[in-house]
Participant: 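One structure, pasted below without further comment.
Order of the sequence lines sets the chain letters (A, B, ...), proteins ahead of strands, with each chain counted from 1.
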Amino acid sequence: MTWVTVDKVAQYEDQNVELRGWIANRRSSGKIRFLHLRDGHGVIQCVVMANQVSPEAFELSDRVPYESSVIVRGTVKKEPRSPLGYEISANEVRLIAEAADYPISKKDHGVGFLMDNRHLWIRSSKQNALLKLRSVVTNAARSFFDELGFVSVEAPVLTPTACEGTTSLFEVAYFDRSAYLTQSGQLYGEAAAMALGQICVYGPTFRAEKSKTRRHLTEFWMIEPEMAFWELPETIDLAEKMICRIVEAALEKCSTQLKTLERDTASLEKAVPPFPRITYSRAVEILKEKGVEFNWGDDFGADEEAVLSQSFDKPVFVTHYPADIKAFYMKREPQNPKLALAVDLLAPEGYGEIIGGGQREDSLEMLEHRIAEHGLPREPLEWYLDLRRYGSVPHAGFGLGIERAVTWIAGIHHVRETIAFPRLMDRLYP
RNA sequence: UCCCCGAUAGCUCAAUCGGCAGAGCGGGUGGCUGUUAACCACUAGGUUGUAGGUUCGAGUCCUACUCGGGGAGCCA
């Protein structure tokens with residue numbers, strides 16, 4: 001007997017197969033029982049007739065609780081009434097483990113309840129689709145860089161101090177002193193780029209900010225390429241190619257998932273090069289044209305980002321921000337030192353910033369000056385200054401926020417559903 | 001940290017002016033040979049988040065607290 005997964009049943013039409021999974025739903029009518037079997041690859045209806053299975057199997061099919069684990073054997077039948085196109089005409093149903101009363105029902109639930117049951121919620125079809133989409137997105141991004149010859153490097157999670165100083169960090173006991181969970185792999189990525197040329201850091205990032213919004217997690221994942229001898233324009237080109245690659249992969253490999261998520265893929269299909277590129281100053285003009293009150297020099301808030309991203313039907317790059325609102329390591333525009341060689345990518349449909357990056361300051365003197373200006377402690381950054389002492393080169397990079405990118409591609413409302421076990425300000429369980 | 005909203009059955013919610021705490025789903029029992037969140041009948045299920053106050057009487061009004069949701073700032 002061949003064990004097959006639900007996504008492959010079409011290859012076994014009219015053959016006898018075995019399926020292993022969990023009871024997603026159960027209905028009945030007279031002497032016929034319908035079991036919906038979920039195996040992680042899909043859901044298929046198994047039809048159990050009283051005269052085609054043992055009395056024990058029929059009795060089991062009548063009362064087996066939701067989410068019990070079972071093995072079903074039967075024939076794959078073409079069935080136009082099924083959304084899948086196929087169903088199983090069962091001749092054997094075997095219980096592996098009977099489930100207790102399952103807390104998640106077919107009806108509506110509140111977000112709080114579902115988040116408390118996140119370990120079970122991920123079994124449902126929409127959450128399942130999101131996790132698969134995330135997997136395709138991260139794999140697409142990583143193979144994109146791998147194929148370009150970028151070296152994959154891991155940055156440490158435990159760090160001695162703040163990378164950027166501004167945001168609050170999670171402090172942990174580290175033997176007889178304190179350490180902090182990283183808020184960006186970038187500084188280490190820069191060191192690695194000086195060793196390996198073009199590198200890519202993929203890892204978790206932690207922010208102890210008390211942010212309660214649909215765009216924030218306290219633990220999230222970033223892909224952060226860093227390139228020695230690269231400057232801002234080619235870095236933007238790279239980000240554009242990467243986003244296109246990710247979206248293509250999602251459309252190609254996740255069509256069923258996007259359908260489950262009821263995503264309008266037409267807007268994703270528009271994400272082809274070239275993406276519009278505007279300066280911060282131009283963005284401010286656009287805001288004013290749309291009647292948004294805004295002062296040059298301020299950073300964009302959620303409202304401004306939404307207006308800007310809705311002004312284009314593709315992702316839009318915004319460059320040349322005022323240096324004052326960007327991090328200390330940003331290189332200044334040589335023609336106008338008030339501006340930073342920074343780039344953000346705003347996703348369309350109001351999703352906002354999914355990439356932040358730019359060209360890094362490569363002058364030792366300038367960097368020392370910035371560190372003092374930002375009031376940062378110098379001693380823990382000495383190693384970072386060394387990168388400018390020993391053969392400094394122009395270099396640039398960016399960070400892609402995985403959860404925000406997946407939120408946009410999936411067309412959902414909140415980042416928390418794009419990671420299996422989200423960490424939020426008030427949520428550490430499960 | 002700030003603003004708004006909420007907490008009633010396992011879950012989602014209702015309860016009119018302050019006057020007997022209810023429905024759907026889920027559970028249980030029975031029925032139905034093609035159901036699609038199946039349907040039909042019956043049934044069990046409650047210290048109304050916690051503490052205090054007003055009142056003849058509080059799920060409902062007041063105060064504090066706890067927890068949760070939505071949003072802002074900051075950011076990816």
Participant: Under 4.0 Å, heavy atoms only, any strand: does Ile355(A) hit a base, just the sugar-phosphate, or nothing?
Facilitator: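 Result for Ile355(A) = sugar-phosphate.
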Participant: Any ion pair linking Lys326(A) and Asp344(A) (charged N to carboxylate O, less than 4.0 Å)?
Facilitator: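 Salt bridge: yes.
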Participant: Inspect the contact between Arg370(A) and Glu373(A) and indicate whether a charged nitrogen and a carboxylate oxygen are less than 4.0 angstrom apart.
Facilitator: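 Here Glu373(A) pairs with Arg370(A) in a salt bridge, since their nearest N and O are under 4.0 Å apart.
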Participant: Look at atom CZ of Arg282(A) and say whether more than 12 heavy atoms of other residues, nucleotides or ligands are closer to it than 6.0 Å.
Facilitator: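 Enclosed.
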Participant: Got a salt bridge between Lys78(A) and Asp14(A), using NZ or NE/NH1/NH2 to carboxylate O under 4.0 Å?
Facilitator: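 Salt bridge flag = no for Asp14(A) with Lys78(A).
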Participant: Counting the atoms with a prime plus P, OP1 and OP2 as sugar-phosphate, which does Gln52(A) contact under 4.0 Å by heavy atoms, base, sugar-phosphate, or nothing?
Facilitator: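 Here Gln52(A) touches no strand at all.
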Participant: Testing Glu79(A), Arg81(A), Glu87(A) one by one against Gln45(A) for a side-chain hydrogen bond (donor to acceptor under 3.5 Å, both in side chains), which residue passes?
Facilitator: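 When Glu79(A), Arg81(A), Glu87(A) are each tested with Gln45(A), the side-chain hydrogen bond (donor to acceptor under 3.5 Å, both in side chains) holds only for Glu87(A).
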Participant: Between Asp426(A) and Leu217(A), which is nearer to the 5' end of RNA chain B once each is assigned its nearest nucleotide?
Facilitator: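 The residue mapped nearer the 5' terminus is Asp426(A).
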Participant: If you look at every strand shown and take non-hydrogen atoms under 4.0 Å, does His216(A) touch a base, only sugar-phosphate, or nothing?
Facilitator: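 His216(A): base contact, heavy atoms under 4.0 Å.
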Participant: OP1 or OP2 of rG71(B) sitting under 4.0 Å from any side-chain N/O of Lys212(A)?
Facilitator: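 For rG71(B), neither OP1 nor OP2 has a side-chain N or O of Lys212(A) closer than 4.0 Å.
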Participant: Give the rounded distance in Å between these two atoms: CZ of Arg404(A) and P of rC75(B).
Facilitator: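 Interatomic distance, CZ of Arg404(A) to P of rC75(B): 11 Å.
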Participant: For nucleotides 22-32 of chain B, tabulate all protein N/O to nucleotide N/O atom pairs closer than 3.5 Å, reporting atom names and distance.
Facilitator:
| unit_1 | atom_1 | unit_2 | atom_2 | d |
| --- | --- | --- | --- | --- |
| rC32(B) | N1 | Gly30(A) | N | 3.4 |
| rC32(B) | N3 | Gly30(A) | N | 3.4 |
| rC32(B) | N4 | Ser28(A) | OG | 3.1 |

Participant: Is the Phe300(A)-Phe294(A) ring centre distance short of 6.0 angstrom?
Facilitator: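 Under 6.0 Å, so yes.
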Participant: Among rG70(B), rG34(B), rC75(B), find the nucleotide with the atom closest to the side chain of Glu87(A).
Facilitator: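 The answer is rG34(B), which lies nearest to the side chain.
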Participant: Separation of Ile88(A) atom CD1 from rU35(B) atom C1', in whole Å?
Facilitator: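 Nearest whole value for this atom pair: 17 Å.
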Participant: Regarding Glu305(A), tell me which of base, sugar-phosphate or nothing describes its non-hydrogen contacts under 4.0 Å with the strands shown.
Facilitator: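 Base contact - Glu305(A) has a heavy atom under 4.0 Å of at least one base atom.
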Participant: Atom CZ of Arg427(A) to atom P of rC67(B): distance rounded to whole Å?
Facilitator: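 Taking CZ of Arg427(A) and P of rC67(B), I get 13 Å after rounding.
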Participant: Identify, residue by residue, the members of residues 344-354 of chain A with a heavy atom below 4.0 Å from RNA chain B, and return them in order of residue number, or none.
Facilitator: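 Heavy-atom contacts with RNA chain B come from Glu353(A), Ile354(A).
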Participant: Using a 4.0 Å heavy-atom cut-off across all strands, classify Glu403(A) as base, sugar-phosphate, or nothing.
Facilitator: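 No contact.
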Participant: Nearest of rA72(B), rU33(B), rG70(B) to any side-chain atom of Arg416(A)?
Facilitator: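 The answer is rG70(B).
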Participant: Round to the nearest Å and state the distance from Asn25(A) atom CG to rG34(B) atom P.
Facilitator: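 Asn25(A) atom CG is separated from rG34(B) atom P by 18 Å.
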Participant: Please tell me which of Gly356(A) and Asp303(A) maps to the more 5' nucleotide of RNA chain B, matching each residue to the nucleotide holding its nearest heavy atom.
Facilitator: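 Whichever sits nearer the 5' end wins; that is Asp303(A).
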Participant: Hey, mind stepping through Phe113(A) and Trp121(A) against ring-ring contact (aromatic ring centres under 6.0 Å, His included) and telling me if it holds?
Facilitator: CA-CA 10 Å; Phe113(A) 175 80; Trp121(A) 189 21; 9.7 Å; no
Participant: Flag yes if more than 12 heavy atoms outside Glu289(A) fall under 6.0 Å of its CD atom; otherwise flag no.
Facilitator: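 Check passes, neighbour count above 12.
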Participant: Please say whether more than 12 non-hydrogen atoms of neighbouring residues, nucleotides or ligands are located less than 6.0 Å from CD in Glu262(A).
Facilitator: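 Atom CD in Glu262(A) is not crowded, with 12 or fewer foreign heavy atoms closer than 6.0 Å.
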Participant: Side-chain polar contacts of residues 394-405 of chain A - donor-acceptor pairs under 3.5 angstrom, sequence neighbours left out - could you list them?
Facilitator:
| unit_1 | atom_1 | unit_2 | atom_2 | d |
| --- | --- | --- | --- | --- |
| His395(A) | ND1 | Val393(A) | O | 3.0 |
| His395(A) | NE2 | Glu190(A) | OE1 | 2.7 |
| Glu403(A) | OE1 | Trp221(A) | N | 3.1 |
| Glu403(A) | OE2 | Arg134(A) | NH1 | 3.0 |
| Glu403(A) | OE2 | Arg134(A) | NH2 | 3.1 |
| Glu403(A) | OE2 | Trp221(A) | N | 3.3 |
| Arg404(A) | NE | Arg215(A) | O | 3.1 |
| Arg404(A) | NH1 | Glu353(A) | O | 3.3 |
| Arg404(A) | NH2 | Arg215(A) | O | 3.1 |

Participant: Going by modelled atom types, is there a donor-acceptor pair between the base of rC11(B) and the side chain of His109(A) at under 3.5 Å?
Facilitator: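 A donor-acceptor contact between them is absent.
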Participant: Check whether more than 12 heavy atoms from other residues, nucleotides or ligands sit under 6.0 Å from atom NZ of Lys253(A), and answer yes or no.
Facilitator: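 Counting neighbours around NZ of Lys253(A), 12 or fewer heavy atoms of other residues, nucleotides or ligands fall under 6.0 Å, so no.
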Participant: Tell me which nucleotide among rG70(B), rG34(B), rC11(B) gets nearest to the side chain of Phe113(A).
Facilitator: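 Nearest nucleotide to the side chain: rC11(B).
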Participant: Among rG70(B), rC75(B), rG68(B), which nucleotide sits nearest the side chain of His413(A)?
Facilitator: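 Taking heavy atoms from C-beta onward, the closest nucleotide is rG70(B).
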Participant: Mind checking Asp299(A) for me? I need base, sugar-phosphate or nothing, with any heavy atom below 4.0 Å counting as a touch.
Facilitator: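 Sugar-phosphate only.
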Participant: From the options rG73(B), rA37(B), rG34(B), select the nucleotide whose nearest atom is closest to the side chain of Ala302(A).
Facilitator: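 Per side-chain heavy atoms of Ala302(A), the pick is rG73(B).
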Participant: Whole angstroms only, please: what is the CG-C1' distance between Leu424(A) and rG70(B)?
Facilitator: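 These atoms are roughly 13 Å apart.
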Participant: Please state how far atom CZ in Phe220(A) lies from atom P in rA76(B), giving the value in whole angstrom units.
Facilitator: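 So the CZ-P distance, Phe220(A) to rA76(B), works out to 7 Å.
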Participant: What contact category does Arg214(A) fall into here, base, sugar-phosphate, or nothing, at under 4.0 angstrom with non-hydrogen atoms?
Facilitator: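 Sugar-phosphate, no base atom in range.
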